[in-house]
**Student:** 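I am attaching a structure below and will ask some questions about it afterwards.
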Amino acid sequence: MADDKKLTTRTEDFSAWYNELVLRSELADYSPVKGSMVIRPNGYGIWERMQRTLDDMFKATGHQNAYFPLFIPQSFLSKEAQHVEGFAPETAVVTHGGGKVLEEPLVVRPTSETIIYHMFAKWTQSYRDLPIKINQWANVVRWEMRTRLFLRTLEFLWQEGHTAHATEAEAETEARLILGLYREFMEGWIAMPVITGQKTESEKFAGALRTYSCEAMMQDNKALQAGTSHNLGQNFAKAFELQFQAENGEQAFAWNTSWGVSTRMVGGLVMTHSDDNGLVCPPRLAPIEVVIVPIWKSDEERARVVEAAQKVRIELTEWTGRGATDRLRVTVDDREGVKPGAKYYEWEMRGVPLRLEIGPKDLEKGSVFSARRDMRAKAALPMAGLPATVATLLETIQGDLLAAAKARREANSHRNVTSYAQFKEIMEGPGGFVYTGWNGDPAIEAKVKEETKATIRVIPDPEFRSAEAPRTCLVTGEPAKHEVIWAKAY
RNA sequence: CGGGGCGUAGCUUAGCCCGGUAGAGCGCCUGCUUCGGGAGCAGGAGGUCGGAGGUUCGAAUCCUCUCGCCCCGACCA
């Protein structure tokens, strides 16, 4: 009975823990259609904050939002060979409309490269029309066989950026710029440290020249690909005749990039920080940063503490120390008939970063009692100057979450692994990120995947590479072409 | 698609083997007492037992078919 209230613990069953947490914290719920889900206000609130932050970043770097339609002519998907090969198996196709069989079936977009570059082609004549830098917030559908709340569902929400440039160098700069923005967002807001780098041929986006990605480590030591940015080269430009007249008068194909992050990041947030008591949400993304729980015995006390709690809420929300538009997000839980302890558990499950308790004793002392969600540390805070104190504390929590996640990742990263036997031992046991040399042969990558389920998550960017580069390939012992990071992945 | 679970009240489930008026806990509603870590008492509402067929005097229970969901594997943000 008391056990009903507790989550399955992470060590018992990580997967069950995750599912129960997502449902119990009311981030999402299963919808009647297998593999799809409803994002509830608590989860959508996090997504809205993600959207707002990223949207500002995109606009600050010269991108504009637009919207392209859900339905794509089936023939469009086929125009880029690798693209159709990659996505055809997982598309939903509309064959009927208005009670009639359609002349050409419509594909529900699994991603929008085809329709967008078709339109870009229409809008581009001269190099003066470039670059085009567009972003859209949309839903996409990929008919996955195996689904998981937030991490892989039939339909999900994301943003997809699409750009067209006159030169390869410019496209490359763009793809890299966005990768940097993603990293900044994931570390600064989700407090989820990521490793950036390039995907191998077998893991790159269908139709891309190169794919860059942000890889995070979850608490079960598995990797989560949290965002990707692609240099598409001229592959789509050629398929969709996206050409322009260059300064020298010659016709040339444009260079494209595309990049996206999705509601999957909410799953990453959950699996990076949360504990056996429920969600731990980083303050910057928390729909509610502070919950105030008034504590009373008598009706007379109730009136006093609730009034005091509301005054504190107003003082906090009216404070402009973080800027006029970035107010503290505070709620008061003054429900009657629910004991304070029950409220604590409930808000902890929902991931609210900071709880303030206000009871008669606190009023006497001119203080409020605080409890941090992340480490469950408690302290009295003086009422005087409370907004600034709270804001600072929230930033401290934000920073501590990132530091803790980074420490966990490093503690579960293995460098200097040169023996394949040792590699297998790690993958069969604790898992984690394993840095090794690789001869660059896709066949070796496939063999390791077959034997261990681990894949090359990324060829890391220089700052993540080991101080001393591995000299030999993990499997063959041949000279290493790259240092790579292996892990089992979501 | 292969393997494993499971469909009984909003949730978790007992009952099924061995057929005989559908039970409990949590949650919900009302009232009183409570309230600094998951409250107590009293009263109350809530079920075509996933669906269809069959066997039977009688089916949640036995038989056949079917639908759906979850988990684990082969594809993927």
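Lettering follows sequence order; numbering is per chain, from 1. Values reported hereafter were calculated over all heavy atoms of this structure, with side chains retained and with hydrogens, waters and symmetry mates removed.
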**Student:** With both distances under 3.5 Å as the test, what is the Watson-Crick or G-U wobble partner of B:rA60?
**Tutor:** none
**Student:** Does A:S298 place a side-chain N or O at less than 4.0 Å from the phosphate oxygens OP1/OP2 of B:rC35?
**Tutor:** no
**Student:** When the C1' atoms of B:rA39 and B:rA45 are considered, how many whole Å apart are they?
**Tutor:**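 Those two atoms are separated by 22 Å.
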**Student:** Within the 4.0 Å heavy-atom criterion, would you say A:R355 contacts the bases, only the backbone, or no part of the nucleic acid?
**Tutor:** base
**Student:** With rounding to the closest Å, how many angstrom separate the C1' atoms on B:rU48 and B:rA22?
**Tutor:**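 Roughly 13 Å separates the two C1' atoms.
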**Student:** In this structure, which one of A:M217, A:M218, A:E187 forms a side chain to side chain contact (heavy atoms under 4.5 Å, CB included) with A:M192?
**Tutor:** A:M218
**Student:** Is A:R146 close enough to B:rA74 that one of its side-chain N or O atoms is under 4.0 Å from OP1 or OP2 there?
**Tutor:** no
**Student:** Any base atoms under 4.0 Å from A:K343, or only sugar-phosphate, or nothing? Heavy atoms, all strands.
**Tutor:** nothing
**Student:** If B:rU55 has a Watson-Crick or G-U wobble mate with both distances under 3.5 Å, name it; if not, just say none.
**Tutor:**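 Pairing partner: none.
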**Student:** Taking the six-membered ring for Trp and the single ring otherwise, decide whether the centroids of A:F120 and A:H162 are under 6.0 Å apart.
**Tutor:**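 Aromatic pair excluded; centres sit 6.0 Å or further apart.
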**Student:** Quick one: on RNA chain B, does A:K449 or A:G359 contact a more 5' nucleotide (nearest heavy atom)?
**Tutor:**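 The residue mapped nearer the 5' terminus is A:G359.
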**Student:** Think A:K378 has a side-chain N or O under 4.0 angstrom from the OP1 or OP2 of B:rG36?
**Tutor:** no
**Student:** What interatomic distance, in whole Å, is found between P of B:rC70 and the corresponding atom of B:rC11?
**Tutor:** 15 Å
**Student:** Between B:rC75, B:rA39, B:rG36, which nucleotide gets closest to the side-chain atoms of A:E144?
**Tutor:**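 For A:E144, the side-chain atoms sit closest to B:rC75.
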**Student:** When you measure from the side chain of A:Y344, which nucleotide among B:rC75, B:rG37, B:rC71 comes out closest?
**Tutor:** B:rG37
**Student:** Both distances under 3.5 Å, Watson-Crick or G-U wobble: report the partner of B:rA9, or none.
**Tutor:** none
**Student:** Measuring only the C1' atom in each nucleotide, how far is B:rU56 from B:rG20? A whole number of Å is fine.
**Tutor:**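 Per the computed distance, 12 Å lies between those C1' atoms.
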**Student:** Give a yes/no on whether any side-chain N or O of A:R302 is located under 4.0 angstrom from OP1 or OP2 of B:rC35.
**Tutor:**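 False: A:R302 side-chain N/O out of range (4.0 Å or more) of B:rC35 OP1/OP2.
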**Student:** Want to settle it: does A:S15 or A:G86 sit nearer the 5' end of RNA chain B, counting the closest nucleotide to each?
**Tutor:**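 In this pair, the answer is A:S15.
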**Student:** Indicate, with a heavy-atom threshold strictly under 4.0 Å, whether A:L151 touches base, sugar-phosphate, or nothing.
**Tutor:**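 Counting heavy atoms under 4.0 Å across all strands, the contact made by A:L151 includes a base.
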**Student:** Hunt down the Watson-Crick or G-U wobble partner of B:rG38, both distances under 3.5 Å, from any strand shown, or write none.
**Tutor:**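 The answer is none; no pair meets the criterion.
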**Student:** Looking at B:rC70, I'd like to know if its phosphate oxygens (OP1 or OP2) sit under 4.0 Å from a side-chain N or O belonging to A:N19.
**Tutor:**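 No, A:N19 has no side-chain N/O under 4.0 Å of OP1/OP2 on B:rC70.
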**Student:** Searching all strands shown, indicate the nucleotide that pairs with B:rA45 (Watson-Crick or G-U wobble; both distances under 3.5 Å).
**Tutor:** none
**Student:** With respect to the side chain of A:M145, which nucleotide from B:rC72, B:rG36, B:rA74 is positioned closest?
**Tutor:** B:rA74
**Student:** Select base, sugar-phosphate, or nothing to describe what A:P89 touches, counting heavy atoms under 4.0 Å on all strands.
**Tutor:**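 It contacts nothing in the nucleic acid.
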**Student:** Check whether any side-chain N or O of A:K453 sits under 4.0 Å from OP1 or OP2 of B:rA74, and answer yes or no.
**Tutor:** yes
**Student:** Looking at A:W158, does the NZ or CZ of A:R142 lie under 6.0 angstrom from its six-membered ring centre and within 45 degrees of the ring axis?
**Tutor:**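 Satisfied, under 6.0 Å and within 45°.
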**Student:** Of all the choices, B:rG36, B:rC75, B:rG37, which nucleotide is nearest to the side chain of A:R376 once you look at every atom?
**Tutor:**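 Per side-chain heavy atoms of A:R376, the pick is B:rG37.
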**Student:** Determine, for A:K59 against A:D55, whether the closest basic-nitrogen to carboxylate-oxygen distance falls under 4.0 angstrom.
**Tutor:** yes
**Student:** Hey, can you tell me if A:W486 and A:F423 have their rings parallel, tilted or perpendicular (30° and 60° cut-offs)?
**Tutor:**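 Perpendicular: the ring planes of A:W486 and A:F423 meet at over 60°.
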**Student:** Scan every strand shown for a Watson-Crick or G-U wobble partner of B:rG73, both distances under 3.5 Å, and answer none if you come up empty.
**Tutor:**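 In the structure as shown, B:rG73 has B:rC1 as its Watson-Crick or wobble partner.
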**Student:** How far, in whole Å, is B:rC72 from B:rU12 if one measures between their C1' atoms?
**Tutor:**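 So the two C1' atoms sit 23 Å from each other.
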**Student:** Decide, yes or no, whether a salt bridge links A:R302 with A:E336 under the criterion of side-chain N to carboxylate O below 4.0 Å.
**Tutor:**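 Result for this pair is yes, salt bridge flagged.
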**Student:** Going by modelled atom types, is there a donor-acceptor pair between the base of B:rG37 and the side chain of A:E348 at under 3.5 Å?
**Tutor:** yes
